[in-house]
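From a predicted model like this one, the values you see are computed outputs, not experimental measurements.
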Amino acid sequence: MTNHQIIFEHKTYNVKQLFTAAQLQERVKTLANEINAQYKKDEPVIVLIVLHGAILFAADLIRGLTMPTGIESIRLQSYHGTSSTGTVNMHGSLPESLTGNHVLIVEDIIDSGRSIHMLVDKIKQVNPKSVRIATLLDKPDAHEFDVNADFIGFKIGKNFVIGYGLDLDGRYRNLPYVGEMIPA
Ligand code: 5GP
Ligand code: MG
């Protein structure tokens, strides 16, 4: 199903829905229950939201968590347009509350794995009680770094996707579905 036509760098694309808003809501609810099952009911967990991409996913996911949950965020940047720049830029420093606590990283998508690999390394340096990763999307065929997400919403191919928080050069994060850009 095509809902949107977008023009990017003078080319026209149709956005083909991969996951509808309803499918996303249903999967995120189930994922929250999978996460609940892996933690003790009364032990606090700090959710570390990777901005900006994971913001919609995290907002929906957190509502389904049953342990005492804290929220922190960190901004990482690696993409320019539809291609990775190969370097990861972390804005600011890690929140102090990660030390001594269970940390659940919430990410929009794992592509090469570079961003999450770097982030996990940095988090381990501040001595959390545990570090786990929840990602809405995973592109296993694109991995170049050793990363194993503990909780994965959907596995997808290598194509660039947008919507539900994922951007095209900073835009289209508002689309309620996840879609693939197909040249028109
Ligand atoms: P990695 O470091 O794993 O190569 O890339 C991770 C980051 O690149 C993601 O957190 C996301 O912000 C961005 N990214 C990777 N693949 C896509 C994609 O298909 N669409 C969008 N919008 N962003 C992506
Ligand atoms: Mg991201």
Side-chain angles (χ1 to χ4, degrees), residues 19 24-80 84-140 142-156 161 163-167 170 173-174 178:
F19 306 109
L24 291 169
Q25 295 305 315
E26 196 187 313
R27 180 68 188 115
V28 172
K29 216 186 237 179
T30 315
L31 204 57
N33 289 331
E34 289 172 24
I35 294 170
N36 290 333
Q38 295 303 316
Y39 289 96
K40 292 195 184 121
K41 248 194 162 52
D42 50 2
E43 252 190 287
V45 171
I46 308 294
V47 166
L48 181 67
I49 306 173
V50 183
L51 299 176
H52 300 314
I55 198 160
L56 275 73
F57 169 48
D60 289 337
L61 185 73
I62 290 163
R63 265 178 273 227
L65 300 181
T66 49
M67 57 295 228
T69 301
I71 299 178
E72 294 286 2
S73 62
I74 191 82
R75 184 161 183 221
L76 300 184
Q77 244 178 333
S78 64
Y79 260 63
H80 183 80
S84 176
T85 57
T87 55
V88 184
N89 188 5
M90 183 168 116
H91 298 244
S93 49
L94 286 175
E96 284 173 16
S97 68
L98 306 190
T99 303
N101 276 307
H102 294 295
V103 176
L104 178 66
I105 301 170
V106 175
E107 179 55 303
D108 53 357
I109 186 165
I110 298 175
D111 184 20
S112 71
R114 184 181 283 112
S115 310
I116 210 83
H117 192 267
M118 180 214 75
L119 185 60
V120 169
D121 270 0
K122 288 202 185 228
I123 293 172
K124 284 183 177 163
Q125 289 169 19
V126 302
N127 302 315
K129 206 179 261 180
S130 70
V131 187
R132 288 191 172 113
I133 303 166
T135 186
L136 176 70
L137 303 170
D138 187 20
K139 294 177 172 175
H143 289 190
E144 293 169 31
F145 292 77
D146 190 24
V147 274
N148 279 308
D150 302 271
F151 310 101
I152 298 168
F154 299 98
K155 292 187 179 178
I156 61 170
V161 295
Y164 194 57
L166 291 120
D167 70 309
R173 294 192 194 272
N174 55 305
V178 170

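When side chains are defined from C-beta on, Ile156 counts as touching Ile109, because their heavy atoms get closer than 4.5 Å. Side-chain contact between Leu31 and Leu136 is absent, with no heavy atoms from C-beta onward closer than 4.5 Å.
A search for side-chain hydrogen bond (donor to acceptor under 3.5 Å, both in side chains) contacts involving Gln38 returns nothing, not counting sequence neighbours. In this structure Thr66 satisfies the side-chain hydrogen bond (donor to acceptor under 3.5 Å, both in side chains) test together with Asn36, sequence neighbours excluded. For the ring-ring contact (aromatic ring centres under 6.0 Å, His included) test, residues two or more places apart in sequence or in another chain that qualify with Phe19 are Phe154. By the salt bridge (charged side-chain N to carboxylate O under 4.0 Å, His left out) test, Glu144 is found to be paired with Arg114, residues two or more places apart in sequence or in another chain being considered. Listed by chain and residue number, Leu61, Leu65 satisfy the side-chain contact (heavy atoms from CB on, under 4.5 Å) test with Ala32 (two or more places apart in sequence, or in another chain). Residues that satisfy the side-chain contact (heavy atoms from CB on, under 4.5 Å) test with Asn89, not counting sequence neighbours, are Gln77, His91. The side-chain contact (heavy atoms from CB on, under 4.5 Å) check on Ile71 picks up Ile49, Ile62, with sequence neighbours excluded.
Judged by distance alone, the side chains of His143 and Asp138 do bring a donor and an acceptor atom under 3.5 Å apart.
Contact detail for Tyr164 and Val28: the closest heavy-atom pair is OH-CG2, 3.8 Å. Pairing each heavy atom of Val106 with each of Ala54, the nearest pair is O-CB, 3.3 Å. Closest non-hydrogen pair, Glu34 versus Phe151, comes out as O-CE2, 3.8 Å. Residues Lys155 and Pro140 come closest through the heavy atom pair CD-CG, 4.2 Å.
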Indicate every side-chain donor-acceptor pair of residues 96-105 with a distance under 3.5 Å to a residue at least two apart or in another chain.
{"from": "Ser97", "atom 1": "OG", "to": "Glu72", "atom 2": "OE2", "distance (Å)": "2.9"}
{"from": "Thr99", "atom 1": "OG1", "to": "Val126", "atom 2": "O", "distance (Å)": "2.9"}
{"from": "Asn101", "atom 1": "ND2", "to": "Ser97", "atom 2": "O", "distance (Å)": "2.9"}
{"from": "His102", "atom 1": "ND1", "to": "Ser130", "atom 2": "OG", "distance (Å)": "2.6"}
{"from": "His102", "atom 1": "NE2", "to": "Glu43", "atom 2": "OE2", "distance (Å)": "2.8"}

Give every donor-acceptor pair under 3.5 Å between a side-chain atom in residues 118-125 and any protein atom, sequence neighbours left out.
none

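Between the CE atom in Met90 and the CZ atom in Arg75 there is a gap of 13.0 Å [rounded to 0.5 Å]. Separating the CD atom in Glu107 from the CG atom in Leu51 is a distance of 10.0 Å, to the nearest 0.5 Å. Separating the CD1 atom in Ile35 from the OG1 atom in Thr30 is a distance of 11.0 Å, to the nearest 0.5 Å. Of the inter-residue distances, the one linking Asp108 atom CG with Thr135 atom OG1 reads 6.5 Å to the nearest 0.5 angstrom. The CD1 atom of Ile116 sits 7.5 Å away from the CG atom of Leu76 when rounded to the nearest 0.5 Å.
The salt bridge (Lys or Arg N to Asp or Glu O under 4.0 Å) analysis of residues 58-70, with sequence neighbours excluded, yields the pairs Asp60-Arg63. Among residue pairs with one or both ends in residues 104-128, those qualifying as ring-ring contact (aromatic ring centres under 6.0 Å, His included) are His117-Phe145; sequence neighbours excluded.
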Please lay out, stage by stage, how Ile74 and Leu94 fare under the test side-chain contact (heavy atoms from CB on, under 4.5 Å). CA-CA 7 Å; Ile74 191 82; Leu94 286 175; 4.2 Å; yes
